Participant: 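What follows is a single structure, and I will ask about it in a moment.
Protein chains get the first letters and strands the later ones, always in sequence-line order, with residue 1 at the start of each. Only a predicted model underlies this, so the values are computations on that prediction, with no experimental measurement involved. All values below were derived from every heavy atom in this structure, side-chain atoms included, with hydrogens, water molecules and symmetry-related copies excluded.
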Number of protein chains: 2
Amino acid sequence: MASTILNFSADDLTKMEQRFRTQLINSITGFKSVALIGTRSKSGQENLAIFNSLVHIGAHPPLVGMFSRPDSVDRHTLDNIRETGVYTINHIQASWADRAHQTSARYPQTVSEFEAVGLHTEYKDEFPAPFVHESSIQLGMRLAEEIPVRLNGTVLLIGQIEHISLPEGCLLSDGFVNIAQAGTIAGSGLDAYYEIENMRRMSYAKPNRWPDILHTNVKASNT
Amino acid sequence: MASTILNFSADDLTKMEQRFRTQLINSITGFKSVALIGTRSKSGQENLAIFNSLVHIGAHPPLVGMFSRPDSVDRHTLDNIRETGVYTINHIQASWADRAHQTSARYPQTVSEFEAVGLHTEYKDEFPAPFVHESSIQLGMRLAEEIPVRLNGTVLLIGQIEHISLPEGCLLSDGFVNIAQAGTIAGSGLDAYYEIENMRRMSYAKPNRWPDILHTNVKASNT
C-alpha cells in the first residue's frame, strides 16, 4: 500500500478527542472475536449481550476469557454470570449480524434481548444457560476465575468450556474447526463486522523448513 | 447451513485425544487477533514472535492485553518484555503471512527471527523496540501490568500504547481504522490465517431504533 503513513505519539494519544480515540484504539488492535453471551438470572430473566473481547487462554483445561466493564450495559450479563456461574458463547453469522449488534442497546433489565432483537433461546443437554438457536457454533461455559484489572477497572472472566455444538461439515479430521465455513464473522472497533474468506492453514513451523500450506480455500484469482 | 450438528459434552472434551482437543479448542473460540511481537534484549538481541491472543482492554488509557505461556517458545519475548518494559505489535498482511507463521519455529535465542524469516527491523521516534518494516500497522507498547492466570500458568501482559503508525487512507473521520483495507489478516486455531472482506459498520444501538449501516464495502453480489 503506497498510502502516506500517519504517526501518533503517546502525547498525541493523550491529547486526542475522546470519542475519536475510543474509535481509533478499539480498531487498531486487530480483528476481534465477537459473539453473543447468553445468560439467565436466578429469577429466570434471560439476557443476551454482544461481547468483542473473547480470547483463547488454554486448551488443557479448555479456557476462554472475556473482559467486562462493571459499570456498563454489560453488567446484566456480569450479574447473571456471578449469580449462576454459567453462560453461553454463540458465534454470529452475517445474515443476522444486525440483530446481534442491536443487543448492545441499553434495554432495561426486565427486557430479554432475545425477544427484543428477534433471536430465539435454545436449552439443551441440561445446560442451565440459554444458547442462541440461530447460532451455528455454540459453547456452554462455566465461570472458573474472575480477575480484576486494576489499571482500568475491568474484569477478566475466565470460563471453562463444558459444551460445544458445531456443524459436522466444519470439523476437520485433526480437530480444527473452519469457523469461516460455519459463517462466523469477525469484529473490529465498536461497530464493524467482517465476513471472512480465503483461509490458509500452514504446517507446524520448524527452524530449517519453510511452512507448507496444509489446506486452502483461496480463490484462484487471489493467489 | 443444513449440516448435521455435532455435540461435545464436558466428559467428551476430557476424554478427547490431546492434539485433537488442542486444535478444536483453539479454533472454536472465534477469530483471533494475530500479530508479530517485536522485542530487543538489553544486550541487543532482537526477537520476533507471532501471538494470536491479543485483546483490546480499554481506550482510556489505551490498553492491549496478550497471553503468554512462560514455558513455551514465546519466553524469549516474555524475557525481553520483562527486561526492557517495551515491545511492538505489528499487523500481518497476507502477502507475507508465511514469514510471520515461520517465527513460531523454535529458533535458538541467539537467532533473530527477523533475519531468519526475511523481515526487516525498523526503529523510529526513539522507541527502543523494533517494529516490523513490512507491517502496515505498527504499535509501540509499554508494559503496564503483568497478571498471572493460576488456572493454567499463563500470564496476561497488559501494555499501554505509546506509538501508532498506520496508512492515512485507512483512517476514517471518526477515528475508526479499517484494518481490512490495510491488509490485516485474522487468525484462527494454531495455524490458520484468513483474509477479510465485506465490512459493515452499524450505528450506535438504541432500544427503540434498528441499527443503520454506517459504511459498507460489501460487494453487490453478496448483499
Participant: Which atoms of A:Ala35 are under 4.5 Å from chain B, going by heavy atoms: the side chain, the backbone, both sets, or neither?
Facilitator: neither
Participant: Please classify the contact of B:Val111 with chain A as side chain, backbone, both or neither, using a heavy-atom distance under 4.5 Å.
Facilitator: neither
Participant: Under a 4.5 Å heavy-atom cut-off, does chain A meet the side chain of B:Ser173, its backbone, both or neither?
Facilitator: backbone
Participant: So what's closer than 4.5 Å to chain A heavy atoms on B:Ser95: side chain, backbone, both or neither?
Facilitator: neither
Participant: For A:Leu171, is it the side chain, the backbone, both or neither that has a heavy atom under 4.5 Å from a heavy atom of chain B?
Facilitator: side chain
Participant: Answer with side chain, backbone, both or neither: which region of B:Ile137 has an atom nearer than 4.5 Å to a non-hydrogen atom of chain A?
Facilitator: side chain
Participant: Between A:Val34 and chain B, which part of the residue has a heavy atom less than 4.5 Å away: side chain, backbone, both or neither?
Facilitator: neither
Participant: Would a distance-only check, ignoring hydrogens and angles, find a side-chain to backbone donor-acceptor pair under 3.5 Å from A:Ser33 to B:Thr29?
Facilitator: yes
Participant: Are the side chain of A:His101 and the backbone N or O of B:Trp210 linked by a donor-acceptor pair below 3.5 Å?
Facilitator: no
Participant: What part of B:Lys32 gets within 4.5 angstrom of chain A, counting heavy atoms only: side chain, backbone, both, or neither?
Facilitator: both
Participant: So for B:Leu156, is it side chain, backbone, both, or neither that comes closer than 4.5 Å to the heavy atoms of chain A?
Facilitator: side chain
Participant: Could you check if a side-chain atom of A:Asn208 sits within less than 4.5 angstrom of a side-chain atom of B:Tyr107, using non-hydrogen atoms only?
Facilitator: no
Participant: Taking all heavy atoms of B:Pro62 and all of A:Arg21, pick out the closest pair and write down the distance.
Facilitator: CD-NH1, 4.1 Å
Participant: Assess whether atom NZ of A:Lys124 is packed by more than 12 heavy atoms of other residues, nucleotides or ligands within 6.0 Å.
Facilitator: yes
Participant: I'd like to know if the side chain of A:Asn152 reaches the main chain of B:His60, judged simply by a donor and an acceptor atom lying under 3.5 Å from each other, with no hydrogens or angles considered.
Facilitator: no
Participant: Chain B heavy atoms under 4.5 Å from A:Ser188: which part of the residue, side chain, backbone, both or neither?
Facilitator: both
Participant: Does A:Gln102 use its side chain to pair, donor to acceptor, with the backbone of B:Arg209 at less than 3.5 Å?
Facilitator: yes
Participant: Look only at the side chain of B:His56 and the backbone of A:Asn52, and say whether a donor-acceptor pair between them is shorter than 3.5 Å.
Facilitator: no
Participant: Considering only heavy atoms, which portion of A:Arg150 lies under 4.5 Å from any heavy atom of chain B: side chain, backbone, both, or neither?
Facilitator: both
